[in-house]
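Given the structure is predicted, the values throughout are model-derived calculations rather than measurements. In the text below, chain A, chain B and the rest are named by the order of the sequence lines, each starting its count at 1.
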Number of protein chains: 2
Amino acid sequence: MENKTNVTINDVARIAGVSKRTVSRVINGSDAVGKQTREHIEAIIKEVNFQPDKQARGLASKRSYLLGLIYDNPDALYIDQVQRGALEICANLGFELVVHPCQWENQDFIEDCLNFIGRSRVDGVLILPPVSESNLLAETLSKENVPYIRIASTDLEDSNNIVITKEREAMRELATHIVELGHKNVAIITGPMNYHSSKERLGGLTEVFSKHGVVIGPDNLIEGKNRYESGLECAKQLLTRSPRPTAILANNDQMAAGVIRAAFDLGIKVPEELSVAGFDDNIIASRIIPSLTTMRRPVEEISRLATQKLIRNIKPEPNASNKKITVTPYLITRESTSHVKK
Amino acid sequence: MENKTNVTINDVARIAGVSKRTVSRVINGSDAVGKQTREHIEAIIKEVNFQPDKQARGLASKRSYLLGLIYDNPDALYIDQVQRGALEICANLGFELVVHPCQWENQDFIEDCLNFIGRSRVDGVLILPPVSESNLLAETLSKENVPYIRIASTDLEDSNNIVITKEREAMRELATHIVELGHKNVAIITGPMNYHSSKERLGGLTEVFSKHGVVIGPDNLIEGKNRYESGLECAKQLLTRSPRPTAILANNDQMAAGVIRAAFDLGIKVPEELSVAGFDDNIIASRIIPSLTTMRRPVEEISRLATQKLIRNIKPEPNASNKKITVTPYLITRESTSHVKK
DNA sequence: TTAAAATTTGCCACCGGTGGCAAATTGTCG
DNA sequence: CGACAATTTGCCACCGGTGGCAAATTTTAA
């Protein structure tokens with residue numbers, strides 16, 4: 001462990017008996033270096049533990065080796081998973097991750113993001129839902145030539161900068177599960193309907209339900225806010241209606257947890273008298289009693305894919321294919337859903 | 001919104017009709033600038049939305065305006081709160097936050113951290129528990145002259161670089177609560193006993209219990225791993241012992257959630273037959289049924305304080321006092337604890 | 001009024017790398 | 001074997017700021 005002094009490129013060059021330009025070429029994997037020269041220099045770099053200064057490199061090459069993570073999501077568990085996935089890729093490719101939470105419904109949010117990008121000099125940004133749904137942000141970044149990747153639920157006509165989670169398809173699977181359990185009287189708590197993702201998820205459900213005679217109308221459809229408290233409140237409304245639904249599907253796990261609490265408070269047994277399902281499979285889904293049937297979104301995997309794509313957008317590799325990336329969540333069946341009682 | 005072109009210090013200097021050195025002085029708040037010159041330049045900076053390049057600044061001044069966040073904590077909710085607190089301060093003081101999860105029990109963890117610091121050129125690091133308990137890391141950073149702050153539960157003889165959470169005192173409060181509820185047969189699931197924090201929390205509990213005749217011995221003390229699964233397993237052991245404890249105190253909320261699950265699986269009613277308490281007040285504590293009595297750790301506040309202190313250590317202000325910072329968690333009473341039945 | 005001191009400001013080198021282009025070296029072929 | 005092409009390598013300017021020091025200006029003191 002001799003991390004002591006900061007070795008510079010000049011030191012390496014001097015030791016190797018070459019010019020620093022050649023060392024620079026080696027660092028950057030340029031092909032125009034003789035084989036033995038390269039190996040000699042690489043050995044020395046390893047030996048003296050030379051780590052090129054990101055500041056200087058950035059200044060000269062217009063690259064900071066920093067990635068920004070832009071989000072406005074109350075779900076800490078989701079963010080954490082994204083970070084882990086992204087960092088795994090960053091570590092491999094020599095990037096660092098700078099986090100930037102924001103308020104995407106504020107008026108100055110675009111400016112705030114641009115300022116962040118300007119200040120921090122990140123080479124590109126990863127944009128998480130729901131911020132990823134802002135076409136204005138995407139267009140602005142395009143115009144400013146800032147590489148970005150959006151993680152989102154639909155194509156949004158921006159397919160080269162997006163990783164798509166097929167939420168509509170996922171919800172079809174969930175709806176099928178519910179139909180198979182014999183539920184006819186199903187209620188849905190959607191997310192905020194100005195989110196694409198809420199529309200996609202609802203769409204997937206109703207497609208299947210309508211084919212099987214499960215009617216979704218104003219009486220059993222309610223718009224939630226994706227938070228626990230909101231799920232609690234919406235469920236209290238739904239559960240006092242008559243006829244009482246035998247299943248409630250919430251737009252995410254947080255709200256589903258609220259539904260379970262509401263049922264508990266009203267003395268309604270889950271799943272015997274009420275089936276409940278969520279979306280995300282965040283940690284709460286497996287901790288709550290009864291544990292929650294939900295759609296697992298492989299967040300870490302999505303994040304890894306998105307980060308790779310982002311870095312490839314920043315420094316294009318010739319041989320890399322550039323196809324659209326999609327991921328589909330899948331059903332996790334737990335205690336909160338069961339056959340409807342006759 | 002005219003973020004378009006990247007304005008440089010030369011542009012500002014030219015527009016203001018001064019040298020860039022003078023503009024630099026204004027940016028850095030040097031006192032050696034004439035009042036009207038300063039105001040003139042400041043106006044122009046605002047007008048053209050000049051944002052000094054962090055790379056260049058860093059290269060020249062040996063400062064990156066980046067802070068590192070080092071942690072190895074499975075609890076995403078805790079990390080998220082820390083980030084929010086830290087970012088609030090960073091935003092005010094012109095810093096960015098770079099995250100670095102690690103495996104502090106790996107052999108090369110010190111080297112890994114040093115490499116991270118070297119690579120990213122962070123100006124200082126915030127170290128979260130349990131990594132903060134590593135005296136070796138702290139000493140190494142001292143030796144390398146890297147500013148750091150540890151968030152930890154005891155003084156660790158490093159008081160100028162530490163923000164202390166008084167966990168022992170907190171646990172006294174919890175123990176008192178349990179004693180007041182009449183419990184005599186109490187079991188404890190500790191954290192890993194090689195963590196200071198686990199010792200502190202256990203110490204606080206036993207201090208109070210021993211004064212009130214509540215005996216803690218091998219029969220009702222078990223070492224957990226701070227995770228849900230561990231709480232589940234430990235509780236299953238404790239709850240099949242005879243006499244069965246009337247209260248189980250877990251070292252954190254994750255394990256307490258496991259205890260509640262174990263009780264549920266064994267048909268033991270909480271809180272009627274068993275009181276349960278945790279530590280942290282993370283989100284799961286209020287979501288679970290029954291909701292969890294716990295000690296709230298004001299994580300965001302702690303993080304803000306730590307970040308401020310860190311930045312002050314990086315660029316010392318003359319008038320800033322430099323006293324020790326401590327925070328004490330406090331009791332949140334919910335559904336999972338009640339009077340012991342006679 | 002003038003010299004000396006204090007305050008402001010500007011010049012220039014430098015931080016540690018990268019990029020363009022020319023120079024040096026090696027290889028190829030008639 | 002010499003001329004020419006291809007491959008390697010080095011020189012030097014530059015990225016956008018900061019720091020030291022001297023120069024210019026203003027203030028104070030005699």
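- Of the two residues contacting DNA chain C, namely A/Ile27 and B/Ala56, the nearest-nucleotide position lying further toward the 5' end is that of B/Ala56.
- Atom CG of A/Asp123 is separated from atom CZ of A/Arg121 by 11.5 Å, given to the nearest 0.5 angstrom.
- Taking the side-chain contact (heavy atoms from CB on, under 4.5 Å) definition, one finds that B/Ile15 meets it with B/Ile44, B/Val48, sequence neighbours left out.
- Note that CZ of A/Phe95 is 7.5 Å distant from OG of A/Ser64, once rounded to the nearest 0.5 Å.
- Rounding to the nearest 0.5 angstrom, the gap separating the CZ atom in A/Arg304 from the CZ atom in A/Arg84 is 12.0 Å.
- Taking the six-membered ring for Trp and thresholds of 30 and 60 degrees, B/Phe109 and B/Trp104 have ring planes more than 60 degrees apart, a perpendicular arrangement.
- If you check residues 14-23 of chain B against DNA chain D, the residues with a heavy atom closer than 4.0 Å are B/Lys20, B/Arg21, listed by number.
- Nucleotides of DNA chain D lying under 4.0 Å from heavy atoms of chain B occupy a range whose first and last members, 5' to 3', are D/dG16 to D/dC21.
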- [ ] Output, in order, the C-alpha distance, side-chain angles, deciding distance and verdict of side-chain contact (heavy atoms from CB on, under 4.5 Å) for A/Ile314 and A/Leu67.
- [x] CA-CA 10 Å; A/Ile314 291 170; A/Leu67 298 185; 3.6 Å; yes

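- Where B/Leu59 and B/Val33 meet DNA chain C, the nucleotide closest to each residue was compared, and B/Val33 sits on the side nearer the 5' end.
- For the pair A/Ile9 and A/Ile27, the minimum side-chain heavy-atom distance is below 4.5 Å.
- Atom CD in B/Glu42 sits 11.0 Å away from atom OG1 in B/Thr37 (nearest 0.5 Å).
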